[in-house]
Amino acid sequence: MSEQPSEGPHAAGIVGVAVPHNPRARRLRSKVWNDFSKERLPDGSHVAVCHHCHKQLTASSRSGTTHLKNHLAICLSTGTRPARGRRRKLVVRRLLLRQVDQNAPVTADSTPIGYDPNAFDQETSRQDLARMIVRHGYRFSIVDDSGFRTFVTNLQPGFRIPTRESVQSDCMRIHDAARSRLRAALANLPSRVSLSADMWRSAVAGTDYLSLTCHYITDEWKLKKEILNFIQVDSASTSADITSNILEKCQEWGIEKKIVSVVLDNCLYSDEVGPELLQLLHNKFDLFHVRSCAHILNLIIQESLELVRDLTDRVRASIRYVKSSQVRFIRFQEAAKQSGLELDPRPTFLAHDTNSNNANNNWASLYVTLESVCRYQKAFARLFEWDPEYRAYASADDWPAVSALTECLDVLYHTMEKLPTVENPTANLYFNEICAIHLLLKEWCTNQYTVVATMATQMLEKFEQYWEVNKTVMAFASILDPRYKTKSVEYFFRVVYKDPYESKARIDGIQASFIRLYNEYAAESAGQLKNEPVFYKGTGRAGTVAGSGLDYSSGAQTKTFSRITLSDAKRGLDQYLEETSSGQTVKSDLDLYLEEAVLRNKEGRVDEASFDVLAWWRAFSAKYPVLSLMARDILGVPVSIVPLDGDARTLNDYLSTMDPVTVEGLICAQDWLRDEDEGPKPEDGTSAASGASDLNGTHGANNVDVPILTN
């Protein structure tokens, strides 16, 4: 479209009289020129004149048109307003401009292209406010804060800020809608799910909460977990009450027949609730009662360290002695110098946990202390020799045992450290690590230092109780890892159980249980898969293919060759296939999976770092239809869900004063919204709700980003 001369007086902004732009100049292509005319000033520069408010803006060849589009977006807010019909045309035109330039960059100080100040919607903005409060854990009373009200009023004067009661109702409606979506997703989920239960403490005495979390693998083979319920539990609750609550919630979600495993380590009466749930939730498949690796190992290590507390207390006392005065620290520096050690002149090099009560509750803190002090054991030994005041502390004879103990804790610490922090903690990741710990514990039982042997003996006794519960599901997950298949089970059982008869019996038992479970899946999937599943009967030999002549006879009457039809020919083919294939063995996908070699990288080694077992099964699920169903359920079992330093979980003071229905609504809705907004949550053993940021570093002091759950 050619440019039109401007009409009327021009607004102030560029000095000079504008003349119409040469119509024979290069055609202006942007749609923005439908609302502007390009004119040339006497000095040779060009301006763009708005058809609606007659304001002049620069129109040089280098200025572009973004500022013109921005002007159109705010033109209606100026003193010159077009008529209603023309105004409607402007709104439509701006929408067209936004579609054309939807990928154009928007700077922080510019108005977004296509923005319409008249498009404000009170209800949409109110819902956005409620989602913000749920998503970030803000208090309902933030709407009463003067700073927040001023900010919102300046941003959009037309927004009517709701009351805190209205905000609370909006947040609960968000919970209800998200709950309906999640329930529909779980109902349509073809795979089974795992259930974990964790106890949370409240700041109100005598009030605790039971958090139920669902773990499963999606149709896209992504591992997910969702908080289903956050139930108030009083101190008088019995194991029957806990079991009843869990079963009732499972029935409400419609998953009582889809559960593959339950994890109850951090649950009240877990030893009683577990067997009761297994009996009540029993279905056609095996149901696993799983004990969390990290949680159980933490307890085992902490309890066993009590046996060597005399030694560790002497080490802590030695650190306190050195740090108790400047004179003693100087003596220690001299002892280190005589021992040939370079010592940090600051006393903070030993500033680790020296509180025996705290270390008793957190063995990792004790390990860090021992690891730091062992570097200077020669200095402590020399100090013992010539400092009379130090004689009551760790002696030269103690330090070899301390070093041996530290080496054991070092192995456990670094193994435990990576258990819950991997990106996708599928169940296959733990079998090798736990078997290695089992083997080391047996070796440590014969250690030359009594403190190590005593500690390891008690740890092994408790570990084997845990191992008997978990070994089956962990071995199944390892078999479903194409990098190992049955090889890990065969190797570790042979080295852990020295008796060849015992090791063979255990290996055969795992394989028999795996085959039985596979056949259950094959029976269940009959009629659902494209091809009928084949049950596993062991690898067989193909039979001899027998030859057969063709007979085109039908009943007593024999057809002549000229009267043989196409159907007769096909009937003969069917007969031939039946006779020649009767001796052949059709293999199941489990047969095919086990016959193929284990997966290796280009260097012929196991890919420990980058291998994604879920991505592999997604790619090969069509090849192994029944086995992939089994893999999807087993690999999603939460074998380890508690972090290394996980203390009892605690509600903040803000939530502790709320009614249980609101507490559950906020915690669950926050978890679900975060999953919708950001995708998969981090698998660090904590709920998504516990990760809300705390902008001012306080818990409830002000109306700013209060985390819903705090560890």
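Numbering of residues begins at 1 and proceeds along the displayed sequence.
Contact between L480 and W617 at its shortest, heavy atoms only, is O-NE1, 2.8 Å. Residues Y209 and S202 come closest through the heavy atom pair CE1-CB, 4.2 Å. What you find for S478 and S488 is that their closest heavy atoms are OG-CB, 3.5 Å. Considering all non-hydrogen atoms of both residues, R149 and V143 come closest at NH1-O, 2.9 Å. Nearest heavy-atom pair across A197 and L210 is CB-CD1, 3.8 Å. Considering every non-hydrogen atom in both M474 and C293, the closest pair reads CE-SG, 4.2 Å.
Judged purely by atom type and a 3.5 angstrom limit, K258 uses its side chain to pair as donor or acceptor with the backbone of L189. Side-chain atoms of W253 never come within 3.5 Å of backbone atoms of L182 as a donor-acceptor pair (strictly under, hydrogens ignored). Judged by distance alone, the side chain of D234 and the main-chain N or O of S237 form a donor-acceptor pair under 3.5 Å. Remark: the backbone N or O of A240 is not paired with any side-chain donor or acceptor of S244 at under 3.5 angstrom. Under the 3.5 Å distance criterion, the side-chain polar atoms of N229 are left unmatched by any main-chain donor or acceptor of L212. N428 places no side-chain N or O within 3.5 Å of a backbone atom of D481 that could act as its donor or acceptor partner. In this structure a side-chain-to-backbone donor-acceptor pair under 3.5 Å is present from S180 to D176. For the pair R201 (side chain) and L651 (backbone), a donor-acceptor distance under 3.5 Å is absent. Using a distance-only test at 3.5 Å, with no hydrogens or angles considered, no donor-acceptor pair links the side chain of S304 to the main chain of I301. In this structure, S628 contributes its side chain and P625 its backbone to a donor-acceptor pair below 3.5 Å.
Residues R179 and E252 are paired through a salt bridge, judged by an N-O separation under 4.0 Å between the basic side chain and the carboxylate. Ion pairing between a basic and an acidic side chain is recognised when a charged N comes within 4.0 Å of a carboxylate O; E123 and R126 show no such pairing.
Interatomic distance, Q122 CD to I161 CD1, rounded to the nearest 0.5 Å: 9.5 Å. Distance check, rounded to the nearest 0.5 Å: CG of L635 to OG of S191 gives 11.0 Å. Distance NZ/K224 to OG1/T218: 7.0 Å, rounded to 0.5 Å. Once rounded to the nearest 0.5 Å, the distance linking CD of Q511 with CZ of R516 reads 13.0 Å. Taken to the nearest 0.5 Å, the CG atom of L673 stands 8.0 Å off from the CZ atom of R135. Going from atom CD1 of I217 over to atom CZ of R192 covers 12.5 Å, rounded to the nearest 0.5 Å.
The shortest distance between side-chain heavy atoms of I246 and L195 falls below 4.5 Å. Inter-residue side-chain proximity for R632 and S621 is flagged as unmet; no heavy-atom pair is nearer than 4.5 Å. Looking only at side-chain heavy atoms (C-beta outward), P482 and F611 come within less than 4.5 Å of each other. Using a 4.5 Å heavy-atom cutoff, the side chains of I434 and F463 are in contact. With a 4.5 Å cut-off on side-chain heavy atoms, Y654 and F140 count as touching. Counting only heavy atoms from C-beta outward, the side chains of H175 and V134 never approach each other to under 4.5 Å. Using a 4.5 Å heavy-atom cutoff, the side chains of T213 and L228 are not in contact. Contact check for D219 versus P190: side-chain heavy atoms found under the 4.5 Å cut-off.
Of the N and O atoms on the side chains of S141 and D144, not one donor lies less than 3.5 Å from an acceptor on the other residue. Side-chain N/O atoms of D241 and T238 include a donor and acceptor closer than 3.5 Å. Side chains of D633 and Y521: a donor on one and an acceptor on the other come within 3.5 Å. A donor atom on one side chain and an acceptor atom on the other are not found under 3.5 Å apart for D653 and S656.
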May I have the step-by-step check of side-chain hydrogen bond (donor to acceptor under 3.5 Å, both in side chains) for Q168 and T662, ending in yes or no?
CA-CA 8 Å; Q168 180 174 351; T662 304; 3.1 Å; yes

Full working for side chain to side chain contact (heavy atoms under 4.5 Å, CB included) between I510 and F493:
CA-CA 10 Å; I510 292 294; F493 277 23; 3.8 Å; yes

Would L129 and F148 satisfy side chain to side chain contact (heavy atoms under 4.5 Å, CB included), going step by step from the backbone distance to the final call?
CA-CA 12 Å; L129 172 62; F148 175 79; 3.6 Å; yes

Test Q251 against L247 for side chain to side chain contact (heavy atoms under 4.5 Å, CB included), laying out the working first.
CA-CA 6 Å; Q251 292 171 343; L247 182 61; 3.8 Å; yes

Could you walk me through whether K222 and L614 pass the side chain to side chain contact (heavy atoms under 4.5 Å, CB included) test, one step at a time?
CA-CA 7 Å; K222 299 295 182 182; L614 297 184; 5.9 Å; no

Could you walk me through whether W221 and F620 pass the ring-ring contact (aromatic ring centres under 6.0 Å, His included) test, one step at a time?
CA-CA 12 Å; W221 286 87; F620 289 92; over 10 Å; no

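When the options R291, K462, R506 are evaluated for a salt bridge (charged side-chain N to carboxylate O under 4.0 Å, His left out) with E468, the one that passes is R506.
The number of heavy atoms from other shown groups lying within 6.0 Å of CD (E464) is above 12.
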